[in-house]
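One structure is given below, encoded as structure tokens.
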Amino acid sequence: ITLLKLSPCYIIFIIDSVIEAYFISTGKMHHILIQNLLTNIGVYLLAFILYLLNVWIVTLDSIILLFNLGVIVSSIYTICTYLYLKKHSD
């Protein structure tokens, strides 16, 4: 069951990793920095603050949800940035 909950985000993660490899190979590392800052501050720091405030109860399902949310936020930025750069590079 846990694997089924993670599978869709791993597919998204694969696409994200390919695009990140493109950023690395073309010297656009600053996009990966921005992506990581958005994900770490916007998702994981918020989750930590909610945990400290006893709003977020840590369970296996909530950790899976947090992981999936992190992958989705990260991938949205990466895919949108890639499409923007491709559109404006011609």
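Values in this document were obtained by computation on a predicted structure and should not be read as measured data.
- Annotation: Phe67, atom CZ; neighbour count of heavy atoms from other residues, nucleotides and ligands within 6.0 Å is above 12.
- With hydrophobic clusters built from ILVMFWY side chains whose heavy atoms lie under 4.5 angstrom apart, Tyr82 does not share a cluster with Leu33.
- Contact annotation: the side chain of Ile32 approaches that of Met29 to within less than 4.5 Å [non-hydrogen atoms, C-beta and beyond].
- Distance CD/Glu20 to OG1/Thr81: 10.5 Å, rounded to 0.5 Å.
- A chain of hydrophobic side-chain contacts below 4.5 Å, direct or via other Ile, Leu, Val, Met, Phe, Trp or Tyr residues, connects Leu50 to Val43.
- The CD1 atom of Ile19 sits 12.5 Å away from the CD1 atom of Ile24 when rounded to the nearest 0.5 Å.
- Residue Ser74 holds its OG atom at 6.5 Å from CG of Asn36, rounded to the nearest 0.5 Å.
- Annotation: the span from Ile79 atom CD1 to Ile12 atom CD1 amounts to 7.5 Å, rounded to 0.5 Å.
- In this structure, CG on Asp16 lies 11.5 Å from CD1 on Ile72, to the nearest 0.5 angstrom.
- Hydrophobic clustering (side-chain heavy atoms under 4.5 Å, transitive across Ile, Leu, Val, Met, Phe, Trp, Tyr) groups Leu66 together with Phe48.
- Leu52 and Leu45 fall within the same hydrophobic cluster, defined by Ile, Leu, Val, Met, Phe, Trp and Tyr side-chain heavy atoms under 4.5 Å apart, directly or through other members.
- For the side chain to side chain donor-acceptor pair (under 3.5 Å) condition, no pair includes a residue of residues 37-48, sequence neighbours left out.
- Note on ring orientation: taking the six-membered ring where Trp is involved, the planes of Tyr77 and His31 are tilted (angle from 30° to 60°).
- A single hydrophobic cluster is seen to contain both Leu85 and Ile15, as judged by linkage of ILVMFWY side chains at heavy-atom distances under 4.5 Å, directly or through other members.
- The two residues Ile57 and Asn54 have their closest heavy-atom pair at CD1-O, 4.4 Å.
- Interatomic distance, Ile63 CD1 to Trp56 CH2, rounded to the nearest 0.5 Å: 5.5 Å.
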